[in-house]
Enquirer: 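My structure is below; once you've seen it, I'll send some questions.
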Amino acid sequence: MTIELATTLIVIGVIGALLSGMLGIGGAIVNYPMILYIPPMLGLPGYNPHEVAGIVALQVLFSTLSAVIAQRGDEVIHRQLVLIMGISVLVGSFLGGYGAKFLSGNIVNIIYAILATAAAILMSLPKRGSEDLALHEIEFNKTVAVVSSLTVGLAAGIVGAGGAFLLVPVMLQILKIPTRVTIASSLAITFLSSIGSSVGKVLAGGIPWTAAAIVVVASVVVAPLGVKVGRMMDVRVLRAVLGVVIIAVTVKIWTGILLS
C-alpha cells in the first residue's frame with residue numbers, strides 16, 4: 001500500500017460518505033466505480049471487481065451505521081418500513097454476497113450496471129405521493145416492500161452494495177414515501193442489508209483488508225457531516241443530486257463494460 005494509493009482511497013471514502021449521509025445511500029453506487037477505475041487511471045495498483053465489492057460492502061456497513069447514529073435524534077425514521085424491508089434485504093444481500101464468488105468479475109460489473117440503470121430510470125420519473133405526511137400517516141404496500149427489497153438485496157449483495165441507490169427510488173416512486181423519511185429510513189435499511197452482504201463477502205474471502213480499513217475509517221468520520229448537510233438542503237435539491245449521481249455512474253459503468 002503506497003501513500004498515493006492510500007490518499008486516493010481516503011478521498012473516495014470521503015466522497016462516498018458525504019453522499020451517504022446526504023442522500024440516504026450507502027455510498028456504493030459512487031465508491032464501486034471509483035475504486036474500480038480511479039487507481040488504474042492514476043497509474044496505481046488496482047483491484048478486481050470481487051475485491052472492490054468486498055471493500056464496498058464493509059464501507060457501506062460502517063458509513064450507514066455512522067449516518068444512522070447521526071439521525072437518531074430526528075423523528076424521520078419509519079420503524080415499520082425499516083423492519084419489513086430491512087429483514088427482506090438482509091436475507092437477499094447475504095445470499096448475494098456469498099453467491100457472488102461463483103460469478104465472474106464481468107458478470108458482477110454487469111449486474112451493478114443493471115441495478116444502476118434501473119435506479120436511473122426510476123429517478124427520472126416525476127415524484128409520486130405527498131411530501132407533507134407525518135410518520136403515522138404514511139401507508140405502503142407491504143407485499144411490494146418485501147418483494148422489492150428481497151430482490152434488490154440479492155442483486156446488491158453480489159456487488160457488495162447495500163442497495164440503497166435502488167431502494168431509495170423504489171421507496172420514493174413505488175411505495176410513495178416522503179423524501180426525508182425515505183432518506184433517513186433507507187440508511188437504517190441499508191445498514192441491515194450491508195450486514196448480510198459484508199458477512200457473505202467475508203465468508204467468501206478475498207477482501208483486501210488494508211484498503212477496506214482506509215475507506216471505512218474515512219467513511220465513518222465523514223458520514224455524519226453528510227447527514228448535517230442533507231438537513232439543510234431542500235428535498236427537491238436532494239432528489240436532483242441523487243438523480244444526477246445515479247445517471248452519471250450508470251453511464252460510466254456501462255461505458256467501461258462495453259469498451260472492455
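Residue numbers count from 1 along this sequence. Only a predicted model underlies this, so the values are computations on that prediction, with no experimental measurement involved. Any value given below was found using the heavy atoms of this structure, including those in side chains, with hydrogens, waters and symmetry copies removed.
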Enquirer: For the side chain of Ser88 and the backbone of Ser149, is there at least one donor-acceptor N/O pair under 3.5 Å apart?
Expert: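 No: the side chain of Ser88 does not pair with the backbone of Ser149.
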
Enquirer: At their closest point, which heavy atom of Ala211 faces which heavy atom of Ile55, and how far apart are they?
Expert: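 Closest heavy-atom pair between Ala211 and Ile55: CB-CD1, 3.8 Å.
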
Enquirer: Could you state the interatomic distance from CD1 (Ile195) to OG1 (Thr190), rounded to the nearest 0.5 Å?
Expert: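 If I round to the nearest 0.5 Å, the distance is 11.5 Å.
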
Enquirer: Would you say Leu95 and Leu203 are hydrophobically clustered, going by side-chain heavy atoms of ILVMFWY under 4.5 Å?
Expert: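 Same cluster: Leu95 reaches Leu203 through Ile, Leu, Val, Met, Phe, Trp or Tyr contacts under 4.5 Å.
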
Enquirer: Considering non-hydrogen atoms only, spot the tightest contact between Val170 and Ser148 and give its length.
Expert: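 Heavy atoms of Val170 and Ser148 come nearest at CG1-OG, 3.8 Å.
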
Enquirer: Could you state the interatomic distance from CG (Leu81) to CG (Leu167), rounded to the nearest 0.5 Å?
Expert: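 It is 9.5 Å, given to the nearest 0.5 Å.
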
Enquirer: Locate the shortest heavy-atom distance separating Ser186 from Val168; write the atom from each residue and the value.
Expert: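 Heavy-atom minimum between the residues: OG-CG2, 3.6 Å.
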
Enquirer: As an exercise, state the distance from CG of Leu42 to CD of Glu4, rounded to the nearest 0.5 Å.
Expert: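 With rounding to 0.5 Å, CG (Leu42) is 10.0 Å from CD (Glu4).
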
Enquirer: After noting the C-alpha distance and the side-chain angles of His78 and Ile138, does the key distance pass the side-chain contact (heavy atoms from CB on, under 4.5 Å) rule?
Expert: CA-CA 9 Å; His78 195 293; Ile138 298 173; 3.9 Å; yes

Enquirer: Say you draw a straight line from CG of Leu44 to OG1 of Thr7; how long is it, rounded to the nearest 0.5 Å?
Expert: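 Answer for the CG-OG1 pair, Leu44 versus Thr7, is 9.5 Å.
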
Enquirer: Should Trp209 and Val202 be marked as a side-chain contact (heavy atoms from CB on, under 4.5 Å) after you check the CA-CA gap, both sets of side-chain angles, and the distance that decides it?
Expert: CA-CA 10 Å; Trp209 290 102; Val202 170; 3.9 Å; yes

Enquirer: Would you call Leu150 and Leu154 a side-chain contact if the rule is heavy atoms closer than 4.5 Å?
Expert: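 Heavy-atom side-chain distance check fails, nothing below 4.5 Å.
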
Enquirer: Output the distance between atom CD (Glu51) and atom NZ (Lys201), rounded to the nearest 0.5 Å.
Expert: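 If we round to the nearest 0.5 Å, Glu51:CD and Lys201:NZ are 11.5 Å apart.
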
Enquirer: So Tyr98 and Phe102, would you call those rings parallel, tilted or perpendicular, with 30° and 60° as cut-offs?
Expert: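 Rings of Tyr98 and Phe102: perpendicular, as their planes differ by over 60°.
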
Enquirer: Could you check whether any side-chain heavy atom of Tyr32 comes within less than 4.5 Å of a side-chain heavy atom of Val60, counting everything from C-beta outward?
Expert: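 Answer no - side chains too far apart.
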
Enquirer: Would a hydrophobic clustering, with Ile, Leu, Val, Met, Phe, Trp and Tyr connected at side-chain separations under 4.5 Å, put Ile107 with Val56?
Expert: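 Result: yes, single cluster for both.
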
Enquirer: Considering all heavy atoms of both residues, which atom of Ser185 and which atom of Val82 are nearest to each other, and what is their separation?
Expert: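 Looking at all heavy atoms of both residues, the shortest contact is O-CG2, 3.7 Å.
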
Enquirer: Of the options Leu9, Thr8, Leu5, which is the one that meets Ile214 in a side chain to side chain contact (heavy atoms under 4.5 Å, CB included)?
Expert: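 Looking at Leu9, Thr8, Leu5, the match for Ile214 under the side chain to side chain contact (heavy atoms under 4.5 Å, CB included) is Leu9.
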
Enquirer: Is Val144 linked to Leu90 within one hydrophobic cluster, defined over Ile, Leu, Val, Met, Phe, Trp and Tyr using a side-chain heavy-atom separation of less than 4.5 Å?
Expert: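 As far as the 4.5 Å side-chain criterion goes, Leu90 and Val144 are connected within one cluster.
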
Enquirer: Are Met34 and Val220 connected in the hydrophobic side-chain network, where two residues link if heavy atoms are under 4.5 Å apart?
Expert: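 As far as the 4.5 Å side-chain criterion goes, Val220 and Met34 are connected within one cluster.
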
Enquirer: Tell me if a side-chain donor or acceptor on His50 pairs with a main-chain N or O of Leu103 at a distance below 3.5 Å.
Expert: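 Indeed, once roles are kept as given, a pair shorter than 3.5 Å links the two residues.
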
Enquirer: Side-chain heavy atoms nearer than 4.5 Å, only ILVMFWY residues, links allowed to pass through others: does that put Ile3 and Val14 together?
Expert: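 No.
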
Enquirer: Between Thr255 and Val251, which heavy-atom pair has the shortest distance, and what is it?
Expert: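 Of all heavy-atom pairs spanning Thr255 and Val251, the closest is OG1-O, 2.7 Å.
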
Enquirer: Please report the interatomic distance NZ(Lys142) to CG(Leu175), rounded to the nearest 0.5 Å.
Expert: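 One finds 10.5 Å between NZ of Lys142 and CG of Leu175.
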
Enquirer: Is there side-chain contact between Leu61 and Phe191, with at least one heavy-atom pair below 4.5 Å?
Expert: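 Leu61 vs Phe191: side chains touch.
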
Enquirer: Flag the pair Gln80 / Phe140 as yes when at least one side-chain heavy-atom distance between them is below 4.5 Å, and no otherwise.
Expert: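 With C-beta onward as the side chain, the pair touches.
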
Enquirer: Quick one: closest heavy-atom pair of Ala145 and Ile84, and the distance?
Expert: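 Smallest interatomic distance, heavy atoms only, reads CB-CG2, 4.3 Å.
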
Enquirer: Would you indicate whether the side-chain heavy atoms of Gln59 and Ile35 approach each other to under 4.5 Å?
Expert: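 No. Closest side-chain heavy atoms not under 4.5 Å.
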
